[in-house]
Amino acid sequence: MRVETVPDPVIEEPTDIVIRVTSSGLCGSDLHLYEVLSPFMEPGDIVGHEPMGIVEAVGAEVPHLDIGDRVVIPFNVSCGHCWMCDQGLMSQCETTQNHEHGTGASFLGYSKLYGQVPGGQAEYLRVPHADFGAVKVSKERPDDRYLFLSDVLPTAWQGVEYADVPDGGTLLVIGAGPIGDMAARVAIHRGHRTIVADLVDERLARVQGRGAETIDVRDLGATEVADRVRDLTDGRGADSVIDAVGMEAHGSGVKAVHKLVGLLPDAIAEPLMLKGGVDRLTALVTAIEAVRRGGTISVSGVYGGAADPLPMMQMFDKQIQLRMGQANVRRWTDDILALLEQDEDVLGVESFATHHLSLEEAPEAYATFQKKEDGAVKIVFRP
Ligand SMILES: NC(=O)c1ccc[n+]([C@@H]2O[C@H](COP(=O)([O-])OP(=O)(O)OC[C@H]3O[C@@H](n4cnc5c(N)ncnc54)[C@H](O)[C@@H]3O)[C@@H](O)[C@H]2O)c1
Ligand SMILES: [Zn+2]
Ligand SMILES: [Zn+2]
C-alpha cells in the first residue's frame with residue numbers, strides 16, 4: 001500500500017458524480033486484498049469502498065443531487081433498475097456484473113475480480129451509477145453518524161436479517177471486528193440474546209459493553225467453542241449464527257498457504273485461488289458445530305477458495321440453513337437511515353471508530369489493523 005498522487009477523477013457517464021471525500025473507512029475486506037487476494041491486485045489500483053463526502057460535480061442524469069450535497073457511497077456499484085436490483089439483490093446487479101471473472105456486481109476499490117473500479121481511500125472519487133447509489137444525508141451531524149451506511153451497517157443488518165433469529169432465540173456472532181460488533185449491536189437493538197466470540201480483549205470488551213455475552217476463543221478449538229455455546233443454550237446450540245470472520249480466520253493450520261499465495265507470481269497464484277481451497281475455515285466450521293439442529297447460519301465474512309472441504313455429513317444431518325453473500329447495500333439503507341436520524345445514537349455509531357487518521361498514514365494503518373495492534377477496531381481516514 002502506498003500513497004500516490006494521481007489525476008483527479010472527472011464525470012465520464014451522465015449517471016456519475018464526483019465527490020470530495022471527507023471520511024473513508026478501512027475494512028476487514030481491504031485486508032483480504034492486502035494478503036490472500038493480492039494476486040488479483042495490480043500496481044496503481046486505488047482501494048477503499050467505504051467513502052462519504054461532498055458532491056463536487058454532477059452528471060446530467062443524477063436529478064436527486066446538487067453540488068454541495070453531502071452523500072454516503074455504497075460499496076456496491078449497482079444500477080437500481082435491472083432484474084437483480086429489482087429483487088433487492090444489488091450486489092448481484094446485472095448491469096455491473098463481471099462476466100470475465102464470473103463474479104457479481106462491481107465494487108468500489110476491489111480488484112479486477114470486481115470491476116477494478118477506482119476506490120474511495122482518496123481525496124476525490126468518481127461515483128458510477130450515483131443516480132441510484134449515492135445516499136444523500138443531512139449536513140447537521142458528524143460524518144461518523146452516517147459513514148457506516150456505506151458498508152458496515154448494511155452488512156451487519158443483512159447478516160442479522162439472514163440469520164433469521166426466532167422470537168426469544170439466541171444469536172451467536174463469530175468475530176467482533178467492525179462487522180461482528182455492529183451485527184451484535186443490531187441484534188441487541190432488536191431484542192435478541194446475543195453471544196459474541198473473538199480472541200482480542202478490547203474487541204470482546206466493546207461488545208460486552210453493548211450488552212453481549214462473550215466467549216474468548218483464544219485457546220479453544222471449534223468443538224470447544226460449540227461446547228461453550230451449548231452450555232449457554234440448554235445443550236442445543238445457538239438458533240442462529242453469524243460468521244463475521246471469513247477466510248482469514250485465526251486458529252487453523254493453513255496460514256502457510258495464504259502466505260504462499262501472496263508470494264507467488266500472479267500467473268501461478270490466480271489459478272490456485274480459482275481452483276483450489278485456500279480459505280482458513282475455522283470460523284465457518286465453528287458456526288456449523290455451534291448452530292443447533294435446524295438452525296440458520298448467516299455468512300457475512302468473505303470466502304474466496306474454489307474447493308474448500310466442508311463437513312457435509314454434519315451439515316446435512318443437522319439440517320442447517322445457510323445464507324451468505326456480499327451485502328445488498330441499497331436494499332437496507334432507507335431502513336437504517338431512519339434509525340440514524342433519531343436524536344439518540346441508538347447503535348453507537350459516533351463512537352464506533354477507534355482511529356481517525358490522515359491518508360498519509362494509510363500504509364501503517366493497514367499493518368496496524370491487520371495485526372490488531374494499538375486497540376484498532378475501526379479505522380477511518382480523513383483525507
Ligand atoms: N458480506 C459483506 O458484504 C461484507 C462487507 C464487509 C466486510 N465483510 C467481511 O466481514 C469479515 C469481517 O470484517 P471486519 O471489518 O469486521 O474485519 P476484521 O478482520 O477486523 O474482523 C474479523 C474478526 O474475527 C476475529 N477472528 C478471527 N478468527 C476467529 C475465530 N476463529 N473465531 C472467532 N473470531 C475470530 C478477529 O479477531 C477479528 O476481530 C471479513 O471477512 C470481511 O471481508 C463482508
Ligand atoms: Zn468494507
Ligand atoms: Zn442493477
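If you're wondering where the values come from, they're calculated on a predicted model, not measured in any experiment. All ligand and atom numbering here is 1-based and tracks the order in the structure. Quick note: residue numbers are just sequence positions, from 1.
The backbone N or O of Tyr162 lies less than 3.5 Å from no partner atom in the side chain of Ser298, so there is not a single donor-acceptor pair. Remark: side-chain polar atoms of Asp239 are not paired, donor with acceptor, to backbone N or O of Gly295 under 3.5 angstrom. With hydrogens and angles ignored, the 3.5 Å screen pairs no side-chain donor or acceptor of Thr214 with any backbone N or O of Leu204. Looking at Asp144, its side chain never comes within 3.5 Å of a backbone N or O of Val349 through a donor-acceptor pair. Looking at Thr354, its side chain does come within 3.5 Å of a backbone N or O of Val377 through a donor-acceptor pair. Under a 3.5 Å cut-off, the side chain of Glu248 and the backbone N or O of Arg280 do not form any donor-acceptor pair. Side-chain atoms of Ser106 come within 3.5 Å of backbone N or O of Thr96 as a donor-acceptor pair.
By the 4.5 Å heavy-atom criterion applied to side chains, Glu350 and Pro142 are counted as neighbours.
Annotation for Asp167: atom CG does not count as buried by contact number, only 12 or fewer foreign heavy atoms lying within 6.0 Å. Around CD of Gln319, the count of heavy atoms belonging to other residues, nucleotides or ligands within 6.0 Å does not exceed 12. Residue Glu373 qualifies as enclosed at atom CD: its count of foreign heavy atoms under 6.0 Å is above 12. Surrounding CZ of Arg236 are at most 12 heavy atoms belonging to other residues, nucleotides or ligands under 6.0 Å away. Heavy-atom neighbours of Glu123 CD from other residues, nucleotides or ligands within 6.0 Å: at or below the threshold of 12.
Ligand 1 places these atoms under 4.0 Å from at least one heavy atom of Cys27: 6 (C), 7 (C). Taking every non-hydrogen atom of Val217 and a distance limit under 4.0 Å, the qualifying atoms of ligand 1 come out as 32 (N), 33 (C). Residue Ala249 has at least one heavy-atom neighbour below 4.0 Å for each of these atoms of ligand 1: 28 (N). Those atoms of ligand 1 that come under 4.0 Å of a heavy atom in Val200, given as number and element, are 37 (O). The Gly325 neighbourhood of ligand 1 comprises atoms 1 (N), with distances under 4.0 Å to a heavy atom of that residue. Listed by number with element, the atoms of ligand 1 under 4.0 Å from a non-hydrogen atom of Gly301 are 9 (C), 10 (O), 11 (C), 41 (O). The Ala197 neighbourhood of ligand 1 comprises atoms 33 (C), 34 (N), with distances under 4.0 Å to a heavy atom of that residue. Heavy-atom contacts of Ile174 reach the following atoms of ligand 1: 32 (N), 33 (C) (cutoff under 4.0 Å).
For Gly251, the closest heavy-atom approach to ligand 1 does not fall below 4.0 Å. For Phe369, the heavy-atom gap to ligand 1 drops under 4.0 angstrom. Using a 4.0 Å heavy-atom cutoff, Gln158 is absent from the residues neighbouring ligand 1. Contact analysis leaves Pro154 out of contact with ligand 1, as no non-hydrogen atom separation drops below 4.0 angstrom.
For ligand 1, the polar-atom distance check against Ala327 finds a nitrogen or oxygen pair separated by under 3.5 Å. Of the N or O atoms in His32, one or more lie within a sub-3.5 Å distance of an N or O in ligand 1. For ligand 1, the polar-atom distance check finds an N/O of Arg203 within less than 3.5 Å of one of the ligand's N/O atoms. Residue Phe75 places no N or O, backbone or side chain, under 3.5 Å from any N or O of ligand 1.
Salt-bridge annotation for Arg330 and Asp334: present, with a side-chain N of the basic residue lying under 4.0 Å from a carboxylate O of the acidic one. By the 4.0 Å N-to-carboxylate-O rule, Glu140 lies too far from Arg145 to be salt-bridged with it. Ion pairing between a basic and an acidic side chain is recognised when a charged N comes within 4.0 Å of a carboxylate O; Asp198 and Arg203 show no such pairing. The pair Asp216-Arg228 does not meet the salt-bridge criterion, since no charged nitrogen lies less than 4.0 angstrom from a carboxylate oxygen. Remark: Glu13 does not engage Arg126 in a salt bridge, criterion side-chain N to carboxylate O under 4.0 Å. In this structure, Arg20 does not pair ionically with Asp8, as no charged nitrogen and carboxylate oxygen lie closer than 4.0 Å. A salt bridge links Lys378 with Glu50: at least one charged nitrogen is closer than 4.0 Å to a carboxylate oxygen.
Residue contacts with ligand 1, taken as heavy atom pairs separated by less than 4.0 Å, involve Val245 via backbone and side-chain atoms alike. At a 4.0 Å heavy-atom cut-off, ligand 1 does not touch Ser91 at all.
Protein heavy atom in closest approach to atom 42 (C) of ligand 1: Ser29 OG, 3.3 Å. When hydrogens are left out, the protein atom nearest atom 13 (O) of ligand 1 is Ile179 CG1, 3.6 Å; that is the closest non-hydrogen contact. Scanning the protein heavy atoms around atom 4 (C) of ligand 1, the nearest turns out to be Thr155 CG2, 3.4 Å. Ranking the protein heavy atoms by distance from atom 6 (C) of ligand 1 puts Asp151 OD1, 3.2 Å first. For atom 15 (O) of ligand 1, the closest heavy atom belonging to the protein is Gly28 N, 2.9 Å. For atom 37 (O) of ligand 1, the nearest protein heavy atom (residue, atom name, distance) is Asp198 OD1, 2.7 Å. Counting only heavy atoms of the protein, atom 2 (C) of ligand 1 lies nearest to Gln326 OE1, 3.3 Å. Given atom 14 (P) of ligand 1, the protein heavy atom at minimum distance is Pro178 CD, 3.6 Å.
Taking a cut-off of 2.8 Å, the protein N, O or S atoms nearer than that to the Zn ion (ligand 2) are Cys27 SG, His49 NE2, Glu50 OE2, Asp151 OD2. Listed by chain and number, the protein N, O or S atoms at a distance under 2.8 Å from the Zn ion (ligand 3) are Cys79 SG, Cys82 SG, Cys85 SG, Cys93 SG.
Tracing side-chain contacts under 4.5 Å through hydrophobic residues (I, L, V, M, F, W, Y), one never reaches Val21 starting from Val135; they form parts of separate clusters. Under the 4.5 Å side-chain heavy-atom criterion for grouping Ile, Leu, Val, Met, Phe, Trp and Tyr, Met324 is connected to Met247 within one hydrophobic cluster.
Nearest to atom 29 (C) of ligand 1 by heavy atom, out of Ile379, Val302, Leu199, is Leu199.
A side chain to side chain donor-acceptor pair (under 3.5 Å) with Tyr146 is found for exactly one of Arg70, Glu341, Lys136, namely Glu341.
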